[in-house]
K.L.:
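A single structure is presented below for examination.
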Amino acid sequence: MSQRTLFLDRAIGESRGVVLLDGEPERLLIERDGDDPATRLGARHVARVRKVEPAFASAFVDLGGVEALMSFKPDARPVEGASLEVEIRTEPRSGKLATVRVLGPAQGAPRLLAAAPGLSEQLQAFARDARIVEGREARQVADEAQAEVLETVHRLRGGGDIAIEQTRALVSVDVDIGARKGNDVKRVTRQANLAALSTAARLLRLKGMGGVVVFDLVGRGHDGNALLTAARAAFGPDNPGVAIGPVGRFGTMEMTIPRRTTPLRDILCDAGGGLSDRTLALALIRAIEDEAASQPGARLSGACAPAVAEAAQPLAERLAGKIGARFTLQPDAALRRDRFEVKAL
């Protein structure tokens, strides 16, 4: 039986919650200071219908300075200007608005009625009886989970790997048999495909990816019923809303997975796909804090790219209030943007 364990890393400027499934990262939840609470999953609002688009069975609603999208059935078309109580159904992602579901009629101006659940509450929902681990162990687990989010190629148990890539239209999962050993090719490919389904299900949850997902399975002559059964079990935690198709004639399996949260790459990375200055600054401040804990009383320096130093300055002021002003930030134009060095002076 699968076991989930929970971790919560509370740091300056950012908190990260992690769910491990049988010892491997399954979910990474990130909350950063200054994030807009209006579009967090589960937040409830009074919304005003701004514009109805009958051709798309959708309406744009005002949450109070933030716009979201609402779908409706033909017999439940909303009236422009009406007030409705809504709940955030999916968080915004790059180029896409948040979506809401209607809870009922409401009165008054657009406003936030109830904030989304906090990280502790979200974590506990995944394993209600589990204890939430904090401290150094939680930080290490969160760092490892974040690193896995950013990887594209992931190894499979028993050999082989999968490559998970987001395109504009869909998520592709390419299965490669690699160096998986065995004389019975059909058995080896079957094991690789089954491992790919369970591993990809965990990783897609970890990365916050969804929508149309296409698996390019390895081999031919697949046992479609076995793969379909395995896929339903692997993606069961993503229900309701999962739809899985049969294995196609070209060895692909297609499915749709509900999108609910912002993809983590949208949070961690800039428009060019690299880690953002803010992400790097947060990592730098955590590294200084960790080094300060391991070397009490030592004076420290953190060398980093100038843009990262600028992003880290407000965080550094808060860290100084916690550990004392015994460190300095050293902008170094010679360092790669994604590199920093923390050391004792």
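Heavy atoms only: backbone and side chains are in, while hydrogens, waters and symmetry mates are out.
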K.L.:
Which pair of heavy atoms, one from P117 and one from E31, lies closest together, and at what distance?
P.N.:
O-OE2, 4.1 Å

K.L.:
What verdict does the side-chain contact (heavy atoms from CB on, under 4.5 Å) test give for L170 and V213, after you've listed the backbone C-alpha separation in whole Å, the side-chain angles of each residue and the deciding distance to 0.1 Å?
P.N.:
CA-CA 6 Å; L170 52 82; V213 179; over 6 Å; no

K.L.:
At what distance, to the nearest 0.5 angstrom, does OG of S58 lie from CD of E53?
P.N.:
8.0 Å

K.L.:
To the nearest 0.5 angstrom, please state how far the CG atom of D174 sits from the CD atom of E165.
P.N.:
8.0 Å

K.L.:
Compare every heavy atom of E85 with every heavy atom of A106, then report the nearest pair and how far apart it is.
P.N.:
CB-N, 3.5 Å

K.L.:
Taking the basic N atoms (NZ, or NE/NH1/NH2) and the acidic carboxylate oxygens, is any pair closer than 4.0 Å for R139 and D9?
P.N.:
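Between D9 and R139 there is a salt bridge, with a charged N closer than 4.0 Å to a carboxylate O.
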
K.L.:
R337: which residues meet the salt bridge (Lys or Arg N to Asp or Glu O under 4.0 Å) condition with it, sequence neighbours left out?
P.N.:
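Only D270, D277 meet the salt bridge (Lys or Arg N to Asp or Glu O under 4.0 Å) criterion with R337.
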
K.L.:
Determine whether I285 and L335 fall in the same hydrophobic cluster, where Ile, Leu, Val, Met, Phe, Trp and Tyr are linked whenever their side-chain heavy atoms lie under 4.5 Å apart.
P.N.:
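Different clusters.
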
K.L.:
Report the hydrophobic cluster partners of V100, with the cluster defined as I, L, V, M, F, W, Y residues connected by side-chain heavy atoms closer than 4.5 angstrom, directly or transitively.
P.N.:
V49, V52, V61, L63, V66, M70, F72, L84, V86, I88, V102

K.L.:
For residues 226-246, which side-chain N or O atoms pair as donor and acceptor with protein atoms under 3.5 Å away, sequence neighbours left out?
P.N.:
from	atom 1	to	atom 2	distance (Å)
T229	OG1	N225	O	3.0
D238	OD2	R205	NH1	2.9
N239	OD1	V242	N	3.2

K.L.:
Just jot down the side chain to side chain contact (heavy atoms under 4.5 Å, CB included) partners of E148, sequence neighbours excluded, or say none.
P.N.:
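Checked E148 against side chain to side chain contact (heavy atoms under 4.5 Å, CB included); matches are P25, E151, H154, R202, L203, L206.
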
K.L.:
Side-chain contact, heavy-atom cut-off 4.5 Å: M253 with H222?
P.N.:
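Counting from C-beta outward, M253 and H222 never come under 4.5 Å.
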
K.L.:
Is any side-chain heavy atom of R286 less than 4.5 Å from a side-chain heavy atom of D143?
P.N.:
yes

K.L.:
For R40, does the CZ atom have more than 12 heavy-atom neighbours from other residues, nucleotides or ligands under 6.0 Å away?
P.N.:
yes

K.L.:
Under the salt bridge (Lys or Arg N to Asp or Glu O under 4.0 Å) rule, collect the residues that match up with R155, sequence neighbours excluded.
P.N.:
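Testing R155 for salt bridge (Lys or Arg N to Asp or Glu O under 4.0 Å), a comparison that skips the adjacent residues, returns none.
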
K.L.:
Is any side-chain heavy atom of Q191 closer than 4.5 Å to one of L156?
P.N.:
no

K.L.:
Does some side-chain heavy atom of L69 sit less than 4.5 Å from a side-chain heavy atom of F56?
P.N.:
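SC-SC contact between F56 and L69 ruled out.
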
K.L.:
Taking all atoms of both residues into account, what is the closest heavy-atom pair of S294 and E291, and its distance?
P.N.:
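So the two residues come closest at OG-O, 2.9 Å.
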
K.L.:
Taking atom CD of E91 and atom CD1 of I267, what is their separation to the nearest 0.5 Å?
P.N.:
7.0 Å

K.L.:
Over all heavy atoms of both residues, which pair between L41 and R260 is shortest? Give the atoms and the distance, please.
P.N.:
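Nearest heavy atoms, L41 then R260: CD1-O, 3.8 Å.
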
K.L.:
Would you say the side-chain atoms of Q146 and R16 include a donor-acceptor pair closer than 3.5 Å?
P.N.:
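Indeed, the side chains of Q146 and R16 share at least one donor-acceptor pair under 3.5 Å.
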
K.L.:
Before you tell me yes or no, could you show the steps for K186 and R190 under side-chain contact (heavy atoms from CB on, under 4.5 Å), namely the whole-Å CA-CA distance, both residues' side-chain angles and the distance that decides it to 0.1 Å?
P.N.:
CA-CA 6 Å; K186 191 168 184 177; R190 182 178 186 273; 5.7 Å; no

K.L.:
Following the transitive rule for hydrophobic clusters with a side-chain heavy-atom cut-off under 4.5 Å over Ile, Leu, Val, Met, Phe, Trp and Tyr, establish whether L150 and I30 coincide in one cluster.
P.N.:
yes

K.L.:
Would you give the length of the straight line joining atom CG of L204 to atom CZ of R259, rounded to the nearest 0.5 angstrom?
P.N.:
11.0 Å

K.L.:
Identify the heavy atoms of A43 and L112 that sit nearest to each other, and give their distance.
P.N.:
CB-CD1, 4.1 Å

K.L.:
Determine whether S276 and C269 make a side-chain contact, defined as any pair of heavy atoms from C-beta on separated by less than 4.5 Å.
P.N.:
no

K.L.:
In the single-linkage hydrophobic clustering (I, L, V, M, F, W, Y; side-chain heavy atoms under 4.5 Å), do V133 and V141 co-cluster?
P.N.:
yes

K.L.:
Which hydrophobic side chains are connected to V46, either touching it within the sub-4.5 Å cutoff or through other members that do?
P.N.:
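Members alongside V46: L113.
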
K.L.:
Can a donor-acceptor pair be found, under 3.5 Å and without considering hydrogens, that links the side chain of R326 to the backbone of A292?
P.N.:
yes

K.L.:
What pairs of donor and acceptor atoms, side-chain ones from residues 338-345 against any protein atom, are under 3.5 angstrom apart with sequence neighbours left out?
P.N.:
from	atom 1	to	atom 2	distance (Å)
D338	OD1	R336	NE	3.1
D338	OD1	R336	NH2	3.1
D338	OD2	R336	NH2	2.9

K.L.:
Does R265 reach the side chain of Q166, with side-chain heavy atoms less than 4.5 Å apart?
P.N.:
no

K.L.:
Does T90 have any side chain to side chain contact (heavy atoms under 4.5 Å, CB included) partners at least two apart in sequence or in another chain, and if so, which?
P.N.:
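If we apply the side chain to side chain contact (heavy atoms under 4.5 Å, CB included) test to T90, skipping adjacent residues, the hits are T99.
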
K.L.:
Going through the checks in order, is the side-chain contact (heavy atoms from CB on, under 4.5 Å) test met by T262 and T39?
P.N.:
CA-CA 10 Å; T262 302; T39 54; over 6 Å; no

K.L.:
Does I162 share a hydrophobic cluster with F215, counting links as ILVMFWY side-chain heavy atoms below 4.5 Å and allowing steps through other members?
P.N.:
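Yes, I162 and F215 fall within the same hydrophobic cluster.
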
K.L.:
Indicate if L217 and V214 have the same hydrophobic cluster label, given that clusters are the connected sets of ILVMFWY residues with side-chain heavy-atom separations under 4.5 angstrom.
P.N.:
no

K.L.:
For E87, is there an ion pair with R101 - N to carboxylate O distance below 4.0 angstrom?
P.N.:
yes

K.L.:
Which distance, rounded to the nearest 0.5 Å, do you find between the CZ of F126 and the CG of L21?
P.N.:
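Going from CZ on F126 over to CG on L21, the span is 12.0 Å.
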
K.L.:
I'd like to know if the side chain of T199 reaches the main chain of A196, judged simply by a donor and an acceptor atom lying under 3.5 Å from each other, with no hydrogens or angles considered.
P.N.:
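No; zero donor-acceptor contacts below 3.5 Å.
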
K.L.:
With sequence neighbours excluded, what pairs up with E67 under the salt bridge (Lys or Arg N to Asp or Glu O under 4.0 Å) test?
P.N.:
R50

K.L.:
Could you tell me if the side chain of N193 sits less than 4.5 Å from the side chain of V218, heavy atoms only?
P.N.:
yes

K.L.:
Is there a side-chain contact between T189 and V175 in this structure, where contact means two heavy atoms from C-beta onward sitting under 4.5 Å apart?
P.N.:
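Heavy-atom side-chain distance check fails, nothing below 4.5 Å.
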
K.L.:
Quick check for you: to the nearest 0.5 Å, what is the distance between R4 atom CZ and D129 atom CG?
P.N.:
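Result: 13.5 Å between the selected atoms.
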
K.L.:
Residues in side chain to side chain contact (heavy atoms under 4.5 Å, CB included) with S120, at least two apart?
P.N.:
L8, R10, I132

K.L.:
Considering residues, nucleotides and ligands other than E134, do more than 12 of their heavy atoms fall under 6.0 Å from its CD?
P.N.:
yes

K.L.:
So which heavy atom on L268 is nearest to which on T279, and how close?
P.N.:
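L268 and T279 have their closest heavy atoms at O-OG1, 2.8 Å.
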
K.L.:
Short question: side chain of D266, backbone of P263 - any donor-acceptor pair under 3.5 Å?
P.N.:
no

K.L.:
I'd like a table of donor-acceptor pairs (distance under 3.5 Å, sequence neighbours excluded) in which one partner is a side-chain atom from residues 310-325, with atom names and distances.
P.N.:
from	atom 1	to	atom 2	distance (Å)
R318	NH1	D33	OD2	2.7
R318	NH2	D33	OD2	3.0
K322	NZ	E289	OE2	2.4

K.L.:
Does atom CZ (R136) have a neighbourhood of more than 12 heavy atoms from anything else shown, all under 6.0 Å?
P.N.:
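12 or below, so no.
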
K.L.:
Can we say E14 and R278 salt-bridge, meaning some charged N sits less than 4.0 Å from an Asp/Glu carboxylate O?
P.N.:
no

K.L.:
Taking only residues two or more places apart in sequence or in another chain, which ones pass salt bridge (Lys or Arg N to Asp or Glu O under 4.0 Å) with D216?
P.N.:
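Scan of D216 (salt bridge (Lys or Arg N to Asp or Glu O under 4.0 Å), adjacent residues dropped) gives none.
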
K.L.:
Do T252 and E254 have side-chain N/O donor and acceptor atoms under 3.5 Å apart?
P.N.:
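There is no such pair (donor and acceptor under 3.5 Å, judged by atom type) between the side chains of T252 and E254.
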
